[in-house]
Amino acid sequence: MAVKITLPDGSIKDYERGVSALEVAESISPRLAKAAIAVRVEGVMQDLDTEIKEDSLLQIITVEQPEGLEILRHSAAHIMAEAVKRLYPEAKLAIGPAIENGFYYDFDVPDSFSPEDLGRIEDEMRRIIREDQAFSHWELDKETAIREFAAKGEEYKVELLQDMDDEKVSIYRQGDFIDLCRGPHLPSTGRLKAFKLLNVAGAYWRGDSSRPMLQRIYGTAFARQKDLDQYLQRLEEAARRDHRRLGKELDLFSLQDEGPGFPFLHPKGMVIWRALEDFWRQEHRRRGYQEIKTPIILSESLWRQSGHWDHYRENMYFTEIDNNTYAIKPMNCPGSVLLYRRRLQSYRDLPLRYCELGLVHRHELSGTLHGLMRVRCFHQDDAHIFMLPSQIQEEIEGVIEFIDYVYRDIFGLNYRVELSTKPENAMGPDEIWDVATEALRQAMEAKGMPYKINEGDGAFYGPKLDFHLEDCLGRTWQCGTIQLDFMFPERFDLTYVGEDGNEHRPVMIHRVIFGALERFIGILIEEFAGAFPAWLAPIQARIIPVGDRFLDYAKGVQNQLMADDHLRIDLDRRDEKVGYKIRHAQLEKIPYMLIVGEKEEAAGTVSVRHRQLGDLGSLSVEAFREALCQEVKSMSLAPDQDKLGKPMP
RNA sequence: GCCGGCGUAGCUCAAUCGGCAGAGCGACGCAUUCGUAAUGCGUAGGUUAGCGGUUCAAUUCCGCUCGCCGGCUCCA
């Protein structure tokens, strides 16, 4: 009896019924068989020793494919768990998946692992790899599995099993190590070539802070040592562009012990801030927003009415004034709403777009604070759009376009969008949530943009589209967000007078573009590795005189450059050699260095050096001024080499 | 908030087993007048995060507090 096997290239071959996937691979090429680690049968990932009993579409998986690498990492997690069980027999197993860039396994151990323990565990893993234990696989009915894992004291596995619906469960084993696992896995432990354990961390069982804290070991694995080395090197490079490190080195901002989570912006950081703010103001004016400012402290009664008191109190700071309780605002919306409500609004005035660079304070858990990325007070580039129900779609799409323009066109940032739906701790009936969620979904569909659903992560008053940006290590941070809200208008009894002369209920959008200015600057620092485009650079050019004799000329050049255009030019007056001053300007990542000496003074020029392009030759002061002005005005990410001259060969 | 690690000069880091707290960079001063990534010499700079304990003696060992780092949870 034969089975017909279809391969990815479309070819169909006959094999004996029960042939293993490995044998199929061998028949195709010995090389493929050697590289093979798993197989996809009719779209389902399986082990290589799977017997093929029916006609099927079959794809051999190697470590070269992303799916193969994931299997390799998952197997590495099992090997690590085996090593841990050998060294710490009392350890209880929780879960151990492959993740982006690696894997982890959670253990319940009486004493937590120290970083030194990782070395011992790695050694044990190498031993297991040398033993080349085969991964074997079988199915068991659930009740038997529960009994067996319970007998071994694996209470976490028992809990996982109890939550499963299937009658049969899948079990894997290598050596003496047995685990509940869907698979597939490598054929044997010897196939793991390059791995490293990275760090230990606490992690709640099932991500629930009321459940026990487990010990999680993170590691990574690659097909080749070369790839692993490359990855580790990338991590080191990423650490060098960490905004916390660059913020200190470039003197942009700091966090002081006296104000955990409350950042200080230094003069240079403030220049970047102002450049962003100017850009923000200009773009909002252009799009029909009106800027407002609402107070930081408002009465507790307002926050009761808005629902914050019931849904957000944990994150708020309170204070007392003349025996009355006030809250320090964690959001800007109630303030905006008060302004809307100050007078009768007509349908002719809608959509009404109020924007506000609002300073908000939130009590974030101390363990979550992270440089500028997560702080306890921050400036949201907030806006609240009050509109007719018929304007919802257009307004949402307008904001989506706005965000895309800022992220992609201006800063060249890649982003991901998530649609966050009704959370547990929400106000209002399901029907309204459904309508709002559907409106956001439709806007994304209309724009043809991909998005992910993030179940239960909406704001308490409405669903939202979240725009995520990545930091240097690939951790994502929510920046932009668009929230559609039917609840606040209701709670604050907002109305507008319609065409029919009757009062109607408006709908609200809450939205931010940057998100928080602090966080966005953190993202930008990492994105540009501190080498900001000229329009954002705290110092755009530094004049470097060759010697003290040329200080007067240098000063004149500085005056000429700074005369009208708000260019940020400084002068290195130090009595040092040129090489020394250039080195310092490079380390400060200043876009342009202007070297001036005898030649330049005689000709009325500057010798231009760019931080990345090097020596660009000399230009008249006026030509340089124009080129830099143009670069700043156009907010370019890179210099215009036609205007500045070509790098020297 | 939870688990673990860490905290020495402005910055980066040393200091053997518990035995006088040090270097480089930076800052300042003097000399040097220099052409595209570090000129030389000198000076100042410390409650070793804070508080308490053990000890003849604590940067070192112990406890508590604060802060930072990596995660978890949470969020812009």
Side-chain angles (χ1 to χ4, degrees), chain A residues 104 106 109 111-117 198-218 239 242 244-245 248-249 251 255-261 312 314-315 330-331 358 360 362-382 420 457 459 464 466-469 473 475 477-481 483 510 512-520 522-523 544-551 575-587 593-600 607-611 614-617 648:
Chain A
Y104 68 79
D106 287 347
V109 277
D111 299 305
S112 46
F113 299 118
S114 69
E116 295 78 55
D117 293 335
L198 298 172
N199 47 8
V200 205
Y204 296 111
W205 168 234
R206 300 196 136 179
D208 183 342
S209 55
S210 67
R211 307 293 303 270
M213 175 69 73
L214 307 173
Q215 295 291 313
R216 174 173 298 178
I217 303 177
Y218 283 95
D242 187 311
R244 292 166 299 184
R245 177 188 173 130
K248 193 185 277 181
E249 283 175 7
D251 198 21
L255 286 143
Q256 314 275 342
D257 287 357
E258 289 78 358
Y312 209 74
E314 299 297 303
N315 287 291
M331 297 187 193
V360 297
R362 297 183 184 175
H363 178 74
E364 301 292 346
L365 296 177
S366 59
T368 67
L369 302 179
H370 185 94
L372 286 183
M373 300 292 200
R374 175 173 276 96
V375 288
R376 283 180 171 155
C377 75
F378 51 98
H379 294 72
Q380 292 185 301
D381 61 324
D382 217 340
S420 296
D457 215 29
K464 51 186 191 155
D466 294 324
F467 293 71
H468 294 258
L469 295 171
L473 288 173
R475 292 178 288 214
W477 299 93
Q478 185 188 313
C479 292
T481 176
Q483 311 173 349
H510 311 234
V512 290
I513 308 287
F514 296 139
L517 232 35
E518 287 81 353
R519 178 177 287 182
F520 199 76
I523 294 276
I544 298 177
V546 165
D548 279 0
R549 278 189 292 140
F550 310 106
L551 267 175
D575 178 17
E576 295 287 352
K577 291 182 160 178
V578 177
Y580 176 89
K581 292 193 266 197
I582 285 178
R583 178 181 158 77
H584 278 260
Q586 285 287 151
L587 291 174
M593 286 150 269
L594 306 175
I595 291 90
V596 297
E598 196 162 357
K599 285 187 306 230
E600 291 76 13
S607 282
V608 182
R609 179 191 164 95
H610 184 267
R611 66 183 168 207
D615 193 345
L616 298 174
M648 303 299 251

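- In this structure, A:Glu600 reaches the bases: a heavy-atom distance under 4.0 Å links it to at least one base atom across the strands shown.
- Of all nucleotides present, only B:G53 satisfies the Watson-Crick or G-U wobble test against B:C61, with each distance under 3.5 Å.
- One can place CG of A:Asp251 at 14 Å from C1' of B:A27, the figure rounded to the nearest angstrom.
- The residue A:Ser114 sits apart from the nucleic acid: no heavy atom pair falls under 4.0 Å.
- With sequence neighbours left out, the ring-ring contact (aromatic ring centres under 6.0 Å, His included) criterion links A:Phe378 to no other residue.
- Between A:Glu364 and A:Leu369, the closest side-chain pair of non-hydrogen atoms falls below 4.5 Å.
- Across the protein-nucleic acid pair, A:Lys577 atom NZ and B:A31 atom P stand 18 Å apart, rounded to whole Å.
- Of the P atoms belonging to B:C20 and B:A58, the separation is 11 Å, rounded to the nearest Å.
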Could you walk me through whether A:His584 and A:Glu576 satisfy the side chain to side chain contact (heavy atoms under 4.5 Å, CB included) test, starting with their C-alpha distance in whole Å, then the side-chain angles of each, then the deciding distance to 0.1 Å, before giving a yes or no? CA-CA 11 Å; A:His584 278 260; A:Glu576 295 287 352; over 6 Å; no

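- Every residue two or more places apart in sequence or in another chain was checked for a side-chain hydrogen bond (donor to acceptor under 3.5 Å, both in side chains) with A:Asn315, and none qualifies.
- Within the structure, a side-chain polar atom (N or O) of A:Lys248 is placed less than 4.0 Å from OP1 or OP2 of B:U12.
- Within the 4.0 angstrom heavy-atom criterion, no nucleotide atom of any strand lies near A:Glu249.
- Residues A:Arg609 and A:Asp615 are not paired through a salt bridge, judged by the lack of any N-O separation under 4.0 Å between the basic side chain and the carboxylate.
- Protein atom CG of A:Asp548 is 13 Å distant from nucleotide atom P of B:C30, rounded to whole Å.
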A correct 5'-to-3' footprint of nucleotides 67-76 of chain B, with B, S and - meaning base, sugar-phosphate only and no protein heavy atom under 4.0 Å, is SSSBBBBBBB

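- Counting any heavy atom pair closer than 4.0 Å across all strands shown, A:Arg609 reaches a base atom.
- In this structure a side-chain-to-backbone donor-acceptor pair under 3.5 Å is present from A:Arg362 to A:Pro330.
- If A:Tyr580 and A:Leu214 are placed on RNA chain B by their nearest nucleotide, the residue sitting closer to the 5' end is A:Leu214.
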